Amino acid sequence: MISNTKRKPVSRLIKAISINCLVFTCGLTAAFDTASAAQGDGCEVQTTQDQLTAMLAAAPDFQNPPVYDFINNNGLIADLQVRYETPQVAGCSTHLRQFAGEKYDNRPVAPTMLMRPGLQYQANITNTLPDDESGHLAVRRKGGKALHHKLGSHGGQSTIFGYIPPENLSINHNEPGNFNVTNLHTHGWHVNPTENHDNIFAAIGPGDPTYLQQVDLPTDHVAGTFWYHAHVHGSTTIQVSSGMAGTLLVNDPNKGLDAIPEISSAVDRVMVFQQLAYDTNGEIENYSNLQQSGYKALNRPVFVNGQAYPVLEMRVDEVQRWRFIHAGITDGIQPQLVNDYQSTSPQVIPLHEIALDGLPTGTMPSIQKATLSPGYRVDVLAQISDASVGDTYYLVDASQTLANGNNVTNRYVLAQIKIVSGSANATTLPTTAQIAQAKQDYVYGHYEPGALDPYATIGPLNDVTPAELQTGKRQTVHFLAGNNYTCPDIGGSCTPCPASNPSCNPKRVYMTCDGKDGNDDWQCMNFNASADYVRSLTLDTASLWSVSGETNQNNHTFHIHVNPFQVQRKFVDGSTGGLGEEWVWKDTLRTPNSAGSVPPPAFLKSRYTVFTGAFVQHCHVLNHEDQGMMQVVEIRPSDADLIDNPKAAGEPVIQALQRR
């Protein structure tokens with residue numbers, strides 16, 4: 001908790017500064033061959049081994065996504081044009097919504113934003129998608145203009161003093177819509193959630209003026225692997241499953257993992273795993289294929305940077321840094337490196353895990369497979385020693401099997417690794433001491449009097465202490481999907497159906513629950529944009545969170561914006577991997593699950609520093625989020641912050657908050 005320095009007004013922006021830096025070699029990509037093909041050709045569901053073999057043989061060379069380099073281009077503004085494009089993927093000529101623009105290379109993946117702490121990310125977002133006015137409602141924000149959005153838009157506002165709901169709440173928030181309305185969320189960044197920063201309440205409709213997004217990255221922000229994606233309620237799934245997601249790469253050669261020579265000299269591979277749910281016409285225009293069962297029935301590959309089964313090159317003993325990003329919408333992925341994808345007992349080459357959700361853990365366990373739920377990132381170091389030039393290895397999803405009855409599961413293989421000749425950039429793994437220091441670099445603050453560095457006596461990865469947890473109320477989140485509830489169409493409190501009522505509404509609902517009543521029943525609600533359902537927290541406090549889900553028939557993944565949390569590490573097998581009670585920092589967590597019974601919750605520790613404003617917590621199984629499994633969260637200034645800001649008493653926004 002920041003206590004021995006004078007607070008600065010929470011409305012002050014962090015200035016972007018110019019820093020001399022090393023060139024980060026992400027590898028710009030060449031444009032794909034876009035030979036003309038009739039829309040829908042090659043989009044049929046493929047299930048045979050011969051078809052998979054043909055796709056593997058025709059796979060492209062691995063390429064990192066294109067890069068907007070903010071480090072070496074002071075004042076750069078990324079060009080993100082939201083429009084339909086026709087990328088050809090896995091033999092299918094698609095018609096998908098994309099973050100396109102200057103860097104677009106006809107792949108369904110958005111460009112990488114290369115950043116350094118202390119700089120400002122800027123993007124011009126222009127929505128040129130077609131506008132269908134049917135089914136629109138005018139949503140008027142308090143003190144603002146009317147916004148014409150389809151059913152499902154929440155339309156609230158994030159201000160530095162908290163959340164302001166829309167005036168019109170009589171709309172169905174939990175029915176997918178807004179398919180051509182968009183915005184951009186910087187997933188995992190600890191940044192300002194208001195105005196034109198990381199504001200997920202922003203809504204950019206077709207034909208709206210170009211939206212300039214500006215996000216200041218704090219000078220002591222952790223360097224690592226983050227990502228961005230569209231985040232308008234009701235359309236998040238349909239846009240992300242079209243490929244509207246990209247990487248936010250924060251690089252800092254002076255501390256953290258980037259300061260380790262064995263890592264900074266290694267080849268750096270960005271792997272954006274995508275679950276592109278296009279139908280047999282190559283389109284995504286409804287929710288038919290966006291539920292888990294529908295997506296699985298399509299049997300599409302898990303795409304990597306918009307590519308199917310790409311072939312990347314490695315040299316014997318070479319160390320490469322692989323950045324896994326789960327930018328999918330539904331099932332988890334467990335990347336595993338093997339020598340033969342068709343063998344039932346292949347040789348497994350261990351991976352060396354160095355960061356979770358972009359944040360260094362301070363350890364480097366050797367793992368048989370990584371664990372990725374939607375929204376997760378895992379950084380690993382890969383090295384193949386017992387190999388010969390010409391050998392092919394495979395990155396597979398260990399949660400899948402190659403055979404599904406008489407069919408082949410195209411989601412099993414993720415990428416191919418070809419062993420080639422030549423010398424390697426790096427052949428030595430870091431020491432455990434180097435890895436430990438990479439986390440330690442972010443444990444203590446680096447405050448300088450007069451500087452705009454937001455961190456003072458504590459750093460971003462300093463453990464949350466028991467004393468801090470006394471400053472905030474315990475938070476409870478339980479995700480629940482079921483048929484035995486009645487919920488209002490406009491969103492709000494859901495009531496369990498008694499067994500004696502056979503006429504109970506059987507519609508499936510997706511809810512967030514908080515606390516229990518006197519009958520030990522959860523108090524559950526589907527998404528509601530009113531102030532009555534906001535989870536309110538206070539700046540410079542901390543909380544213990546209890547996060548839980550259901551049995552293993554429903555997978556849920558908890559994600560909260562702006563402030564990360566600490567959780568005790570668990571590996572795929574449920575163990576601590578010999579690391580004891582290691583608490584790691586993350587921003588996304590699959591809720592515990594178990595067969596046949598409600599599992600115990602996971603306990604998280606989180607502190608709320610630097611930024612006030614409104615954002616959301618939700619399930620990152622995105623079709624759950626779009627259908628109601630989401631809640632507004634606000635960080636409000638403390639009394640001391642309001643006293644330190646003499647303008648607060650006269651702000652109209654404060655009066656609006658008091659009237660809620």
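As the structure is a computational prediction, the values presented were derived from the model and not from experiment.
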Open item on the list: Quiz question: by atom type and distance under 3.5 Å, do the side chains of Asp198 and His561 form a donor-acceptor pair?
Closed with: no
Open item on the list: Could you go through Ser606 and Gln566, starting from their C-alpha distance and side-chain angles, then the distance that decides it, and tell me whether this counts as side chain to side chain donor-acceptor pair (under 3.5 Å)?
Closed with: CA-CA 6 Å; Ser606 183; Gln566 279 190 288; over 6 Å; no
- [ ] May I ask you to check whether Arg269 and Asn64 show a side-chain donor-acceptor distance below 3.5 Å?
- [x] no
- [ ] Could you tell me whether the side chains of Thr225 and Arg323 share a donor-acceptor contact shorter than 3.5 Å?
- [x] yes
Open item on the list: For the OG atom of Ser638 and the CG atom of Leu539, what is their distance to the nearest 0.5 Å?
Closed with: 6.0 Å
Task: Polar side-chain atom of Gln617 near backbone of Met630 as donor-acceptor pair, under 3.5 Å - done: no
TODO: Would you please indicate yes or no on a ring centroid separation below 6.0 angstrom for Tyr121 and Phe70?
DONE: yes
Task: Lys605 NZ/CZ over Trp545 ring centroid, <6.0 Å and within 45° of normal - done: no
Task: Polar contact flag, side-chain donor to acceptor under 3.5 angstrom, Gln336-Tyr394 - done: no
TODO: Please identify each residue that fulfils side-chain hydrogen bond (donor to acceptor under 3.5 Å, both in side chains) with Lys586, with sequence neighbours left out.
DONE: Asp357
Open item on the list: Which residue is it: His221, His190, His187? I am looking for the one with a ring-ring contact (aromatic ring centres under 6.0 Å, His included) to Phe226.
Closed with: His221
- [ ] Verify the distance criterion only: is there a donor paired with an acceptor across the side chains of Glu582 and Gln568 at less than 3.5 Å?
- [x] no
Open item on the list: Can you confirm whether the side chains of Thr512 and Tyr533 place a donor and an acceptor under 3.5 Å from each other?
Closed with: no
Task: For Tyr442 against Val222, the heavy-atom pair lying closest together - done: CE2-CA, 3.6 Å
Task: Qualifying residues under ring-ring contact (aromatic ring centres under 6.0 Å, His included), relative to Tyr295, sequence neighbours excluded - done: none
TODO: May I ask you to decide if the ring planes of His231 and His229 are parallel, tilted or perpendicular, using 30° and 60° as cut-offs?
DONE: parallel
TODO: Give a yes-or-no answer on whether the side chains of His559 and Thr588 include a donor-acceptor pair shorter than 3.5 Å.
DONE: yes
TODO: Please examine the side chains of Phe201 and Pro193, heavy atoms only from C-beta on, and report whether any two atoms are closer than 4.5 Å.
DONE: no
Open item on the list: With a 4.5 Å cut-off on side-chain heavy atoms, are Ile435 and Leu257 touching?
Closed with: yes
- [ ] Determine whether the side chains of Gln437 and Asp441 contain a donor N or O and an acceptor N or O closer than 3.5 Å.
- [x] yes
Task: Pair Thr371, Gln334: side-chain N/O donor-acceptor within cut-off below 3.5 Å - done: no
